[in-house]
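In what follows, a structure is listed as structure tokens, so that the remarks can point back to it.
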Amino acid sequence: MIYRLTFSCEEADNFRRTFEADSEASFLDLHKAILASVNYPDDQMTSFFMCNDRWEKEQEVTLVPMESNFDYDNMVMESTRLSDLMEEKGQRLIYIFDPMFERYFFGSLREILPGTMEGVKCTESKGKAPKQLHTEDPLEGLVGKGGKADWEVDEDFYGDSQYDEGDIDMEGFQDLSFDDGSMF
């Protein structure tokens, strides 16, 4: 059988990639075809997730063997054939291309055609793919004007300006030393 799969991405307008794949091709073959179609390097711990009709993750197919937190067995791209997990038209899957920020392409098995072919090939390429890695500073926007973080409280909020060392009972603190690094 030949599978026709289409992938899209919410981050990029008019982005779509369509692939034809032999049903006996591996998820690794599909992974490589996706990367080639968007010109991403093969240096991230990408994975596929089979999804239900609400795009909720189910079975994961990883690039390398890993422990899984899910109720499903860990499957590896190289040894998992597309036909192992995809049997019917409309099957949904996601391809995580940026694992740090969990950004992904939405995929769907659009058609199942009779015949065979060699591997996986991209048959349609529309739109520009988003950058592979999210490069924005995750703390951007947290620092307000004057260099003070928006979430910081005023120094006197907890009475810090009225602090007096004489108010602390030092009993029990004599044996603590922070100079020798023994605390960490």
Side-chain angles (χ1 to χ4, degrees), residues 1-138 140-141:
M1 295 281 140
I2 296 174
Y3 290 165
R4 184 169 292 146
L5 300 131
T6 302
F7 288 87
S8 61
C9 182
E10 292 179 336
E11 294 179 35
D13 292 334
N14 301 317
F15 172 83
R16 183 173 62 213
R17 296 294 185 273
T18 301
F19 299 90
E20 286 188 358
D22 189 90
S23 61
E24 294 304 305
S26 70
F27 276 87
L28 183 62
D29 296 329
L30 180 58
H31 156 78
K32 288 179 179 182
I34 292 171
L35 292 179
S37 77
V38 293
N39 296 316
Y40 290 168
D42 191 1
D43 61 356
Q44 297 299 310
M45 292 302 296
T46 60
S47 17
F48 288 95
F49 277 93
M50 304 312 295
C51 299
N52 62 24
D53 291 340
R54 294 183 307 263
W55 294 101
E56 295 170 335
K57 294 177 187 173
E58 293 179 341
Q59 177 65 58
E60 182 177 19
V61 183
T62 60
L63 189 56
V64 296
M66 303 175 111
E67 283 291 320
S68 177
N69 303 1
F70 295 90
D71 297 333
Y72 301 95
D73 292 333
N74 181 259
M75 300 181 94
V76 180
M77 289 182 199
E78 184 175 22
S79 59
T80 307
R81 300 193 184 290
L82 298 176
S83 61
D84 291 343
L85 297 173
M86 302 180 84
E87 299 173 349
E88 60 188 52
K89 184 178 171 181
Q91 173 65 55
R92 293 180 176 187
L93 70 159
I94 58 174
Y95 175 72
I96 298 179
F97 62 87
D98 180 357
M100 181 66 81
F101 289 93
E102 200 162 307
R103 295 168 54 229
Y104 41 82
F105 297 136
F106 293 93
S108 178
L109 177 56
R110 293 289 180 199
E111 291 183 71
I112 301 175
L113 307 167
T116 61
M117 62 179 285
E118 190 69 30
V120 179
K121 68 178 182 177
C122 183
T123 59
E124 179 184 35
S125 178
K126 287 189 177 180
K128 185 177 177 184
K131 289 185 179 183
Q132 183 178 19
L133 301 177
H134 195 62
T135 56
E136 291 180 20
D137 181 357
E140 186 177 324

Query - Qualifying residue for side chain to side chain contact (heavy atoms under 4.5 Å, CB included) with Leu63, from Gln44, Glu78, Met77 - result: Met77

Enter the distance from [X]:[atom1] to [Y]:[atom2] here, rounded to the nearest 0.5 Å.
X      : Y     : atom1 : atom2 : answer
Leu113 : Ser23 : CG    : OG    : 11.0 Å
Phe49  : Leu93 : CZ    : CG    : 11.5 Å
Met86  : Glu88 : CE    : CD    : 10.0 Å
Leu28  : Thr46 : CG    : OG1   : 8.5 Å
Glu124 : Glu20 : CD    : CD    : 10.5 Å
Ile112 : Ile2  : CD1   : CD1   : 11.5 Å

Do [X] and [Y] have side-chain heavy atoms sitting under 4.5 Å apart?
X      : Y     : result
Asp84  : Phe27 : no
Val61  : His31 : no
Leu30  : Tyr3  : no
Asn14  : Arg16 : no
Phe48  : Leu85 : no
Phe106 : Arg92 : no
Phe19  : Ser37 : yes
Lys57  : Ile96 : yes

Report task. Would you please classify the geometry between the Phe97 ring and the Tyr40 ring as parallel, tilted or perpendicular, with 30° and 60° separating the classes? Result -> tilted

**Report entry** Minimum-distance pair of heavy atoms, taken over all atoms of Gly107 and Trp55
**Finding:** O-CH2, 3.3 Å

Query raised in the report: Donor-acceptor pair, Arg17 side chain versus Gly127 backbone, under 3.5 Å?
Result: yes

Query - For Glu56, all residues meeting salt bridge (Lys or Arg N to Asp or Glu O under 4.0 Å), sequence neighbours excluded - result: Arg54

Query raised in the report: For atom CD of Glu24, is the number of surrounding heavy atoms from other residues, nucleotides or ligands below 6.0 Å larger than 12?
Result: yes

Query raised in the report: Around atom CE of Met45, are there more than 12 heavy atoms of other residues, nucleotides or ligands at under 6.0 Å?
Result: yes

Query raised in the report: Do Ser47 and Glu60 meet the criterion of a side-chain donor-acceptor pair at a distance under 3.5 Å?
Result: yes

Query - side chain to side chain donor-acceptor pair (under 3.5 Å) partners of residues 104-122, not counting sequence neighbours, each pair once - result: Arg4-Glu111

Query raised in the report: What residues form a side-chain hydrogen bond (donor to acceptor under 3.5 Å, both in side chains) with Asp29, not counting sequence neighbours?
Result: Ser26

